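Please read the structure below before turning to the comments.
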Amino acid sequence: MESRDGVAAGPAYRWRWAALVALLTAEAMNLLDATIVQVAAPVIHADLGGADSDIQWFSAAYTLPFAVLLITGGRLGDMAGRRRVFAVGVAAFTLASLCCALVPGAAALIAARAVQGAAAALIIPQTIGLIRAMFDGAELARAMGSIGPVMGLAAICGPVLGAVLTHADLFGSSWRAVFLVNVPLAVAVLAMVPLLRADRAAASPRLDLPGTVLAIAGAGLIVYPLIQGGTGGLPAGGRLALAAGVVVLVLFGFQQWYGARRGRRPLVEPSLFRDRGFPAALVTSTLFFAVMNGLMLIVVVQVQVGLGEDVLTAGLTLLPWSCGMAVSSWVSGTRLVPRFGARMMFVGLAVMLAGLVSAIGAYAAARSGAYPTFLPGALALCGVGNGLFTVPFFTAALTRVRPHEIGSAAGLLNAVQQFGGTLGIALLGTVFFRSLATGARAGGASGAASLHAASLHAAGLAFGLAAGLVVAAGGGAALMRAPAERAEPTEQAEPAEQAEPSEQVEPVEQMELAEQVEPVEQVTPAVRVEPADR
């Protein structure tokens, strides 16, 4: 019996577990693609040439369209059927991956990465609805719970796999192998698409094309000048573009409000902003994930470009961060958050801040040209803070959201998370490259030694800015908590425990998996949680 609202009915669907494998593979493929490319980016730049800002665009070109098209992708699944849109997204992702592996230059790679991001925005919003269409009751909880370990494994393996594939240079493929690895995975997923249950929303929504265009334009006008400002500072045209981006996003807000007043279904549910809690969560998410994504790029570039180490060393440098995040998110979800509630957000931020300060010290203590010995330990501390923060954060962010707003709230948090990651790549990356260029020029004829010293200083500056962003995120987190939450933090124990599996993931997937927890608690025919609003 086919489900129309995401809740399985009648006899258990025969192929549900095999279909779940396909959905989990697609989720892992998206996460792998984001982390693998960050590690390989300096090698790609060295091979293809171009401006230093291209290193940032190799990642940002993927995350930006992914962020702004997520909710629209969910709406398309409601309209045309989630299985059909999922298949189209995987096929487009496969072709884009092939193009990425075969491109002759940096501009073509950036364009292909943008297509990959748009394809991922078609794939990811469908997975929740498809899982809910095939599972029910205790099996639904187990299906949702299987996502966390898979994503945690992908987050850990991504940097290492990218480094190993690039370093191995199989058949002379070098960095191109990091894109080719997507192809067999995607082909396997496409082969299993017929096993997915056909599913769509009971009431087909309309696309909000004006809202989508305004969101894309506003986000692009903000991110583009930050990255393109490069080493020479932000020119007058760039400042004008930034201001225009802010204006366009304000217009987007008014357009969403007006559409809701007219009885239309906007991309963003205006009632989410009825009090300070949810807007504060959006700001906190933007700041926190800007730190995560931005710093991962900084670490990789500093090791490879600044110190002249190989890509394998860069990948292994990030491994403590991923491992710390995976372990602490499990402990947080199963032990700490059920007992201490939303207060664990501030513990996580404090631990991450300690890790950032330790990393600054590691860069300052390193001799010019030498690997910063204590950096892996500092990054492990950052990863632990990451896991301790994210579990209670997503629980607290959705606590005061009413049932009919859950889909829109989770989708918006997911999109803002991705936008925050893009903003971090732009902002922290630009600070790093500008300081690196300035320091290298000031070093005069000392050549490599000057570049090494400049990279250590530039990385320290980027981590210092990240520390400031974490402090600001703490202010946002404080505004999220309602008076009742301050008095009885243990009220959050049950949702937080449900969220546990989702937090073992890399920055790019955390909100998406947090949404996956909600249907477990809301699975009744009377309460519909539409994943399309993501």
Side-chain angles (χ1 to χ4, degrees), residues 38-39 41-42 45 50-61 63-64 219 221-239 241-243 245-246 283 286-307 314 317-318 321 352-353 355-364 366 368 372 375 378-379 382 419-443 450-473 507:
Q38 279 194 329
V39 173
H45 179 258
D52 287 342
S53 61
D54 288 348
I55 297 178
Q56 296 160 269
W57 279 119
F58 296 151
S59 294
T63 56
L64 186 57
L221 285 170
I222 289 176
V223 171
Y224 182 82
L226 287 177
I227 293 180
Q228 290 301 114
T231 59
L234 197 62
R239 292 192 292 271
L242 275 175
V246 173
V283 172
T286 301
L287 294 171
F288 183 79
F289 288 102
V291 171
M292 285 183 56
N293 285 28
L295 289 185
M296 289 180 73
L297 180 66
I298 298 304
V299 170
V300 167
V301 174
Q302 194 276 328
V303 170
Q304 293 186 63
V305 175
L307 298 182
T317 299
L318 285 178
W321 181 312
M352 174 164 265
L353 185 61
L356 295 175
V357 172
S358 299
I360 294 172
Y363 283 121
S368 178
L375 180 61
L379 295 181
C382 290
F419 177 70
T422 308
L423 197 62
I425 290 169
L427 184 61
L428 297 180
T430 297
V431 167
F432 174 82
F433 284 115
R434 188 174 300 167
S435 176
L436 179 65
T438 302
R441 286 195 299 267
S450 175
L451 181 64
H452 295 164
S455 73
L456 292 169
H457 176 71
L461 283 180
F463 270 76
L465 175 58
L469 295 178
V470 167
V471 172

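Treat the numbers as computed from the prediction; the structure is a model and nothing was measured. Note that these values count all heavy atoms, side chains included, but never hydrogens, waters or copies made by symmetry.
- Remark: side-chain polar atoms of Gln304 are paired, donor with acceptor, to backbone N or O of Val39 under 3.5 angstrom.
- Ile222 and Leu242 get closest at one heavy-atom pair: O-CD2, 3.3 Å.
- Remark: Gln56 CD to Ile298 CD1 distance equals 7.5 Å, nearest 0.5 Å.
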Is there a side chain to side chain contact (heavy atoms under 4.5 Å, CB included) between Val223 and Phe419? Walk through the geometry before answering. CA-CA 9 Å; Val223 171; Phe419 177 70; 3.9 Å; yes
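- In this structure, Ser450 and Gly439 approach most closely via the heavy-atom pair OG-O, 3.6 Å.
- Of all heavy-atom pairs between Asn293 and Ile425, the closest is O-CG1, 4.1 Å.
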Intermediate values then yes/no, side chain to side chain contact (heavy atoms under 4.5 Å, CB included), Tyr363 and Leu461: CA-CA 10 Å; Tyr363 283 121; Leu461 283 180; over 6 Å; no
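- Leu226 CG to Leu423 CG: the interatomic distance, rounded to the nearest 0.5 Å, is 6.5 Å.
- To the nearest 0.5 Å, atoms CZ (Phe463) and CZ (Phe432) are separated by 10.0 Å.
- Here CE of Met296 is found 9.5 Å from CG of Leu379. Values are rounded to the nearest 0.5 Å.
- Note that CE of Met352 is 11.0 Å distant from CG of Leu469, once rounded to the nearest 0.5 Å.
- Between the side chain of His45 and the main chain of Ala51, a donor-acceptor pair closer than 3.5 Å is present.
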Side chain to side chain contact (heavy atoms under 4.5 Å, CB included) evaluation trace for Leu436 with Leu451: CA-CA 7 Å; Leu436 179 65; Leu451 181 64; 3.6 Å; yes
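- Smallest separation of non-hydrogen atoms from Val291 and Ala466: CG2-O, 3.6 Å.
- Of all heavy-atom pairs spanning Leu64 and Ala219, the tightest one is CD1-CB, 3.8 Å.
- Considering only heavy atoms from C-beta on, Ile55 comes within 4.5 Å of Leu297 through its side chain.
- A heavy-atom distance below 4.5 Å is found between the side chains of Leu295 and Leu356.
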The test is side chain to side chain contact (heavy atoms under 4.5 Å, CB included); show your working for Leu307 and Ser455 and say whether it passes. CA-CA 8 Å; Leu307 298 182; Ser455 73; 4.3 Å; yes
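- Contact between Ala60 and Ile227 at its shortest, heavy atoms only, is CB-CD1, 3.8 Å.
- Counting only distance, with no hydrogens or angles, the side chain of Thr430 and the backbone of Ala426 share a donor-acceptor pair below 3.5 Å.
- Considering NE2 of His452 and CD of Gln302, their distance stands at 9.0 Å, rounded to 0.5 Å.
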